[in-house]
Engineer: 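Quick one: structure below, then a few questions.
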Amino acid sequence: MSFKDLVITAQTYFPDLKLKYKNQSWFMRLIGFLLFFNKSFMNNFTTTIGSKVYYPTESFVKARPVSAAVILLHELVHVKDAKRLSFPLFGFLYLFPQILSLFCLPLFLISWKIALPLVILFALPLPAFFRMYFEKKAYLTSLYAIYQLGKRMNFRPLLTEQKNDFLNHFKNSHYYFMWPFSNLQQEFDEAEAKIEVGRRPFEDPFFDIIDDLISKM
């Protein structure tokens, strides 16, 4: 099964799913400019908005189809959550608390002395619980997908190294320092142990879809 076939199968579950590429999108270039703290946004990260999944480039997908497949399974977790919660609510929670800076802008009409401190406060890299929660589910799904694809394609993934790389994303600038605490380490360690004995990292019916997609590769 090719990556193209994987996308077609995924679209049976998510009919609105579309693949796009950041280097072909002015909107992504604008977001990349705004996300100055993540220098890798355009080249090393895939971004999902609603049901649109933006890979860095089309050549990335063609050159690294297995990585592209793992990424797609990760992003489908976000697509599913956005549909479950509704896209506006999911987006608000994902961007919380920094998005509150925008809601404070009208206060400038009343007093800049009130507005400015609030805008600056919420623009700071405050811990983002909901972003952490959504990304935790997606990255644990990535670990599961990597392991299962390894079994199907007869290679042994470096799961521990991959896990530690994922954990770094929660603390560094890639997601605006969304969760600088160390409490996720144990949860990821326990999830890795489950995955390596053939179990799912956490209980969610969505893994039935993940397993079905993996089985067709």
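Throughout, numbering of the chain's residues begins at 1 and tracks the sequence. A quick note: this is a predicted structure, and the numbers were derived from the prediction, not measured. Computed over heavy atoms, backbone and side chain alike; hydrogens, waters and symmetry mates excluded.
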Engineer: Please confirm whether the backbone N or O of R64 pairs with a side-chain atom of S67, one donor and one acceptor, at under 3.5 Å?
Structural biologist: no
Engineer: Do R84 and V79 have side-chain heavy atoms sitting under 4.5 Å apart?
Structural biologist: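 Side-chain contact under 4.5 Å: no.
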Engineer: We want to know whether H74 and T141 form a side-chain donor-acceptor pair, criterion being a heavy-atom distance below 3.5 angstrom.
Structural biologist: no
Engineer: Does Q98 use its side chain to pair, donor to acceptor, with the backbone of L126 at less than 3.5 Å?
Structural biologist: yes
Engineer: Answer yes or no: is there a side-chain heavy-atom contact under 4.5 Å between C104 and F122?
Structural biologist: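 Touching, per the 4.5 Å side-chain cut-off.
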Engineer: Return the minimal non-hydrogen interatomic distance between K83 and D16, and the atom names on each side.
Structural biologist: NZ-OD2, 3.6 Å
Engineer: Should M28 and I49 be marked as a side-chain contact (heavy atoms from CB on, under 4.5 Å) after you check the CA-CA gap, both sets of side-chain angles, and the distance that decides it?
Structural biologist: CA-CA 10 Å; M28 283 292 119; I49 298 180; 3.5 Å; yes
Engineer: Starting from F103, can I reach I114 by hopping between I/L/V/M/F/W/Y residues whose side chains sit under 4.5 Å apart?
Structural biologist: yes
Engineer: Less than 3.5 Å apart, any donor N or O on the side chain of Q24 or R29 sitting next to an acceptor on the other?
Structural biologist: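 No - no donor-acceptor pair under 3.5 Å links their side chains.
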Engineer: Let's go through L100 and F92 carefully: what are the C-alpha distance in whole Å and the side-chain angles of both, what is the deciding distance for side-chain contact (heavy atoms from CB on, under 4.5 Å) to 0.1 Å, and is it a yes or a no?
Structural biologist: CA-CA 9 Å; L100 294 179; F92 176 82; 4.3 Å; yes
Engineer: Measure from the ring center of H169 to the ring center of F45 and say whether it is less than 6.0 Å.
Structural biologist: yes
Engineer: Check step by step if side-chain contact (heavy atoms from CB on, under 4.5 Å) holds for Y176 and N38.
Structural biologist: CA-CA 8 Å; Y176 204 46; N38 184 354; over 6 Å; no
Engineer: Is there side-chain contact between F41 and H174, with at least one heavy-atom pair below 4.5 Å?
Structural biologist: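 A side-chain contact is absent here, since even the closest heavy-atom pair is not under 4.5 Å.
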Engineer: Relative to each other, are the rings of F181 and W179 parallel, tilted or perpendicular (30° and 60° limits)?
Structural biologist: perpendicular
Engineer: Taking the side chain as everything from C-beta on, heavy atoms only, tell me whether W112 gets closer than 4.5 Å to L107.
Structural biologist: no
Engineer: Got a second to check how far T47's OG1 is from E75's CD, nearest 0.5 Å?
Structural biologist: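 Here the rounded value is 7.0 Å.
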Engineer: What distance separates T48 OG1 from K20 NZ, expressed to the nearest 0.5 Å?
Structural biologist: 12.5 Å
Engineer: For L149 and F155, work out which heavy atoms get closest and say how close.
Structural biologist: O-CE2, 3.8 Å
Engineer: Take the angle between the ring planes of F170 and F188 and call it parallel below 30°, perpendicular above 60°, tilted in between.
Structural biologist: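 Geometry flag for F188 against F170: perpendicular rings.
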Engineer: Taking side-chain hydrogen bond (donor to acceptor under 3.5 Å, both in side chains) as the definition, give me every residue that meets it alongside Y175, ordered by chain and number, with sequence neighbours left out.
Structural biologist: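 So Y175 forms a side-chain hydrogen bond (donor to acceptor under 3.5 Å, both in side chains) with Y139.
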Engineer: More than 12 non-hydrogen atoms from neighbouring residues, nucleotides or ligands closer than 6.0 Å to NZ on K52, yes or no?
Structural biologist: no
Engineer: Of the non-hydrogen atoms in L17 and A10, which two are nearest, and what is the gap between them?
Structural biologist: CD2-CB, 3.8 Å
Engineer: Just wondering, are more than 12 heavy atoms of other shown residues or ligands nearer than 6.0 Å to CZ in R152?
Structural biologist: yes
Engineer: Compare all side-chain heavy atoms of F60 with those of I71 and state whether any distance is below 4.5 angstrom.
Structural biologist: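 F60 reaches I71 side chain to side chain.
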Engineer: Kindly indicate whether a cation-pi arrangement holds for K80 with F90, taking the cut-offs as under 6.0 Å to the six-membered ring centre and within 45° of the axis.
Structural biologist: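 No.
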Engineer: Identify the heavy atoms of L93 and F130 that sit nearest to each other, and give their distance.
Structural biologist: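 Smallest heavy-atom distance, with atoms named: O-CB, 3.2 Å.
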Engineer: What pairs meet the salt bridge (Lys or Arg N to Asp or Glu O under 4.0 Å) rule with one or both residues in residues 161-178, with sequence neighbours excluded?
Structural biologist: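 Residue pairs with at least one partner in residues 161-178: K163-D189, K163-E192.
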Engineer: Do L35 and F177 belong to the same hydrophobic cluster, where Ile, Leu, Val, Met, Phe, Trp and Tyr are linked whenever their side-chain heavy atoms lie under 4.5 Å apart, directly or via other members?
Structural biologist: yes
Engineer: Please report the interatomic distance OG(S173) to CZ(F36), rounded to the nearest 0.5 Å.
Structural biologist: 10.0 Å
Engineer: Looking only at heavy atoms, what is the nearest atom pair of M153 and V66, with distance?
Structural biologist: CE-CG2, 3.6 Å
Engineer: Centre-to-centre under 6.0 Å for F202 and F207, is that the case here?
Structural biologist: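 Close enough - the centres of the two rings lie under 6.0 Å apart.
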Engineer: Is there a donor-acceptor contact under 3.5 Å linking the side chains of Y13 and D212?
Structural biologist: yes
Engineer: Give the cluster check for Y55 versus I8: same hydrophobic cluster or not, with ILVMFWY residues linked at side-chain heavy-atom distances below 4.5 Å.
Structural biologist: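 No, Y55 does not connect to I8 through the hydrophobic network.
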Engineer: May I ask you to test the L143-Q162 pair for a side-chain heavy-atom distance under 4.5 Å?
Structural biologist: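 Touching, per the 4.5 Å side-chain cut-off.
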Engineer: Run the side chain to side chain donor-acceptor pair (under 3.5 Å) test on D211 and Y144 for me, step by step, so that the C-alpha distance in whole Å, both residues' side-chain angles and the decisive distance to 0.1 Å come before the verdict.
Structural biologist: CA-CA 10 Å; D211 286 340; Y144 179 81; 2.5 Å; yes
Engineer: Within this structure, what is the CG-OG distance for the pair L121 and S101, rounded to the nearest 0.5 Å?
Structural biologist: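 These two atoms lie 7.5 Å from each other.
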Engineer: Do you reckon V7 sits in the same ILVMFWY cluster as F14, going by side-chain contacts under 4.5 Å, direct or chained?
Structural biologist: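 Yes; F14 is reachable from V7 via cluster members.
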Engineer: Could you pull out the closest heavy-atom pair between I195 and Y147, with the gap in Å?
Structural biologist: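 Looks like O-CE2, 3.2 Å.
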Engineer: Does the side chain of F206 reach to within under 4.5 Å of the side chain of K137, using non-hydrogen atoms?
Structural biologist: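 Not in contact.
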Engineer: Within a strict 4.5 Å, meaning less than it, do heavy atoms of the F166 and S142 side chains meet?
Structural biologist: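 Yes, side chains in contact.
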Engineer: Determine whether L184 and L159 fall in the same hydrophobic cluster, where Ile, Leu, Val, Met, Phe, Trp and Tyr are linked whenever their side-chain heavy atoms lie under 4.5 Å apart.
Structural biologist: yes
Engineer: Kindly compute the distance separating OG (S182) from CG (L167), expressed to the nearest 0.5 Å.
Structural biologist: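 Answer rounded to 0.5 Å: 10.5 Å.
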Engineer: Working note: L73 + V70, criterion side-chain contact (heavy atoms from CB on, under 4.5 Å); need CA distance, chi angles, decisive distance, verdict.
Structural biologist: CA-CA 5 Å; L73 297 176; V70 172; 5.8 Å; no
Engineer: Please tell me whether N43 and S40 have a donor and an acceptor in their side chains that are separated by less than 3.5 angstrom.
Structural biologist: no
Engineer: State plainly whether the residues R131 and E135 are in salt-bridge range, i.e. N to O under 4.0 Å.
Structural biologist: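 Answer for the salt bridge query: no.
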Engineer: When rounded to the nearest 0.5 angstrom, what is the spacing between CD1 in I31 and OG in S25?
Structural biologist: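 Between I31 CD1 and S25 OG, I get 7.5 Å after rounding to 0.5 Å.
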